[in-house]
Every structure is written in C-alpha cells, then in structure tokens.
Amino acid sequence: MTDKKIVTRDEAWAALNKSKVKTYDTTFKLIFENPDNVVRLYNELTNNRIGARQIEVITLTEGKSLITALCDDLGFLVKNDNMIDDYIILIEAQSTWNPNMGLRMFRYLGMLYEKYLNMRKLNPDILPPMYIPKPKFYILYTGSGHRPDKIWMSEMYNPKEEVVPEDLNFAIFVLSESNSKTLSGEYIGFCKTFAKYKKLCDTFGECYLKTIAECRTKGYLISFIDEHEKEVKKAMDFNYTDRRDFDIYMDHFETQVRAEGEAKGLAEGKAKGLAEGEAKGKITTTLDFYKKKLITREAAIEQLGVTPSEFEDLLKNPDLSVQ
C-alpha cells in the first residue's frame, strides 16, 4: 500500500457531486426489482410466510428514492389473507449514520401514504371514514460503528426526559450485521466488504477482485453477483473512482475536527467539545462548498440531514445547530 493520498476539500466535494451512481444504490435497486427478493426479505424480517401475491411494491417504480435521485429506499404493501392492505413497510439503506433518521423516516412515510392514496384513488377529505395500512420501519445500515437495534422517534422530542405518548412514538428497526443466511445480511456484508477494500486497495481492479472473492467465500449475494456482474462491476468502478476521494477526505477531516474539538476543552468537558467541533465543522464546510458551487443545494441538504427551510436558516446563520 502506498502513502495515503492527500485530497483537498474542493476535490472531495466535486467528486461526491459528480458521483450520481452509487454501488450500494445500484445493488439495492437490482436486488429488490425482483419481487421474490422482496417476499424473502419481508419473511426474514418478520418470521412470517407470505407469498408474492400478498406483496405490492410502491417505490422503485421510477428508479429513484422518495427524496433523492438515487435508489436507496424500498416501500411496499403487505396484504393479509383476505387481500386487504395490512401493513405499509418502509426500508431504507444507509451507509452513513444520521441522528435525524427518525424524522427522515417520518417524512418518507408521509410521501409513501400520499402515493398509497393516489394508487387506491382515495380522498381523505370526504366521507366515509377510511382505513390505512399500519407502518413498519427498517434501516439497512452498511456503515461502520456499533448501532442500536432500534431507534425511537421519541429520541427527537424535547425535552427528552418527558414520557412521550405511545401514539406519538414509533420504533425503527436497525439491521447492521453481515449475515450470509439472510438477504439483508448478505446486502450489508457485500457493502461493508466493498467499503473495506475501497480504502485498502490502490487500484479498482484489485478492489473489485478482493471484494468479489471475499463475498464468495462468505456467501454474500453470490447468485446475484453472477447474474448482474456487468452492472455491479460498472457501479463499483464509478463509485471507487469518485467516492473514494470523498471518503479519504472525510476520514482526514473527521480526525482533524476531533483533535480540534478535544483541544478546545470546553468547560463542560472534552466530549462536548468534540461534538460541537464536529457539528460546526460539518456545517461550515458544507455551506462553503455550496457557496462555491462545488455541490448542489440538494447534495448539501442531504449531507447535513436538514430540511430545506432549516438549510436556508443555516445559510443566514451558520452557528445554528443541526442536531
């Protein structure tokens, strides 16, 4: 392995903005375009045994996410034995952890219900009373670090110590472990394996061969890779070339900010200095790239995990918190 590449901020963000196709998104879409895989995923997540006729996918149809131009979420209806819409399932794939995931999923759910009403030609403004399918949320987390098995919407309410009424709370189930025995585990294992070799290897050829070899050894998406080898390899190549520069820069940036946060040593202690330093650094850096037209407004909003109105507030006052 040669010495680590030095990547400037402009290079990193230009690379991220250029990268319109992600390996993870391409793989996610190709997997779940197959209805049999959606059925398998649901059965594994819930320990149920339903058939393909009880599943109706309502995302992926446009080949993109509910919010972004990429395809990283899966929404589908589950019908009961009487073929009545019973559940509405939302599954999002994430390679970076965002503390605002509860709110993000809530926003996605609103969009999903809107699609549902249009599909069923239902009007909530008129009688008679209608019934809608119950929601369930899942995140397939392919990034690093230990994550909880569940996160709760109540974690975002203020003040956090108050008891939140049950009807204002919901759980998001987080799956983050590689596992060759489940489809979600295979997908997570594939993504983590690629992420590992993307950092370790000097060339894409080496990265590709080592990723595929380890996936075959560990049983991650073997039949899928064989069937879609050309598409997977193309997406991996594009992602390696452009996204790698961004990942290298962010690794360096986070290390630098962490050191500055610790050195700052706020009166409340180093932990708070670290958190505030990282948050402030992320805001100022992202806004700087946006103002220089190195990234789009949508990319900046996605990176910060804020709403469009919150983003406008940050442009006026970068000192505002995004937590």
Side-chain angles (χ1 to χ4, degrees), residues 20 22 24-25 28-29 32 38 45 56-78 85 87-120 122-125 130 132-143 147-148 150-158 160 164-176 279 282-283 286-287 290 295-315 320-323:
K20 300 297 183 184
K22 295 182 181 180
Y24 311 142
D25 304 303
F28 188 90
K29 181 175 185 294
F32 296 113
V38 181
L45 292 176
E56 183 179 0
V57 176
I58 55 178
T59 64
L60 296 181
T61 53
E62 297 88 6
K64 60 185 179 180
S65 161
L66 288 166
I67 290 182
T68 70
L70 299 168
C71 186
D72 56 5
D73 55 53
L74 170 66
F76 58 93
L77 296 167
V78 180
D85 299 326
Y87 287 99
I88 189 166
I89 311 294
L90 179 57
I91 301 173
E92 183 180 10
Q94 281 286 317
S95 58
T96 55
W97 190 258
N98 187 325
N100 301 316
M101 284 180 180
L103 184 57
R104 283 163 55 99
M105 295 292 270
F106 202 63
R107 293 172 62 204
Y108 290 173
L109 181 63
M111 297 177 187
L112 215 53
Y113 273 130
E114 189 67 29
K115 294 191 72 170
Y116 174 77
L117 294 176
N118 291 333
M119 288 171 54
R120 297 292 184 261
L122 298 173
N123 185 348
D125 298 324
M130 66 178 62
I132 58 176
K134 302 177 288 292
K136 283 187 178 181
F137 305 90
Y138 297 89
I139 289 174
L140 304 186
Y141 178 67
T142 62
R147 300 302 174 188
K150 292 180 186 178
I151 55 178
W152 295 88
M153 187 63 183
S154 60
E155 295 173 3
M156 301 198 67
Y157 294 133
N158 242 346
K160 295 182 179 180
V164 177
E166 187 174 334
D167 57 353
L168 293 179
N169 199 7
F170 59 82
I172 301 170
F173 298 91
V174 181
L175 295 90
S176 59
K282 182 176 181 180
I283 294 172
T286 303
L287 295 181
Y290 169 70
I295 58 173
T296 63
R297 182 173 181 273
E298 291 74 18
I301 290 172
E302 180 72 17
Q303 178 64 21
L304 292 176
V306 297
T307 65
S309 62
E310 289 171 340
F311 180 71
E312 294 302 322
D313 290 339
L314 286 173
L315 285 173
L320 292 175
S321 171
V322 296
Q323 297 301 317

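Residue numbers run from 1 in the order of the sequence given.
Seen from the ring of F173, K150 does not count as a face-on cation partner, given the 6.0 Å and 45° thresholds.
Q94 is not listed as a side-chain neighbour of L140, based on a closest heavy-atom distance of 4.5 Å or more. By the 4.5 Å heavy-atom criterion applied to side chains, L90 and P135 are not counted as neighbours. Counting heavy atoms from C-beta outward, L315 and Y290 have side chains that approach closer than 4.5 Å.
In this pair, F170 and F106 present their aromatic rings parallel. The plane angle is below 30°, not in the 30 to 60° band.
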| field | Criterion side-chain contact (heavy atoms from CB on, under 4.5 Å) on F311 and L304, from CA distance to verdict | value | CA-CA 8 Å; F311 180 71; L304 292 176; 4.2 Å; yes

| said: Before you tell me yes or no, could you show the steps for I132 and L122 under side-chain contact (heavy atoms from CB on, under 4.5 Å), namely the whole-Å CA-CA distance, both residues' side-chain angles and the distance that decides it to 0.1 Å? | reply: CA-CA 10 Å; I132 58 176; L122 298 173; 5.8 Å; no

| Pair Y141-L175, side-chain contact (heavy atoms from CB on, under 4.5 Å): steps then yes or no | CA-CA 6 Å; Y141 178 67; L175 295 90; over 6 Å; no

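In terms of modelled atom types and a separation under 3.5 Å, the side chain of K115 and the main chain of I58 share a donor-acceptor contact. Side-chain N or O atoms of Y113 include one that pairs as donor or acceptor with a backbone N or O of P133 at under 3.5 Å. Panel note: side chain E310, backbone T307; a donor-acceptor pair is recorded below 3.5 Å.
A salt bridge links E56 with R120: the distance from a Lys NZ or Arg NE/NH1/NH2 to an Asp or Glu carboxylate oxygen falls below 4.0 Å.
Of the options I88, V38, I89, a side-chain contact (heavy atoms from CB on, under 4.5 Å) to V78 is made by I89 and by none of the others.
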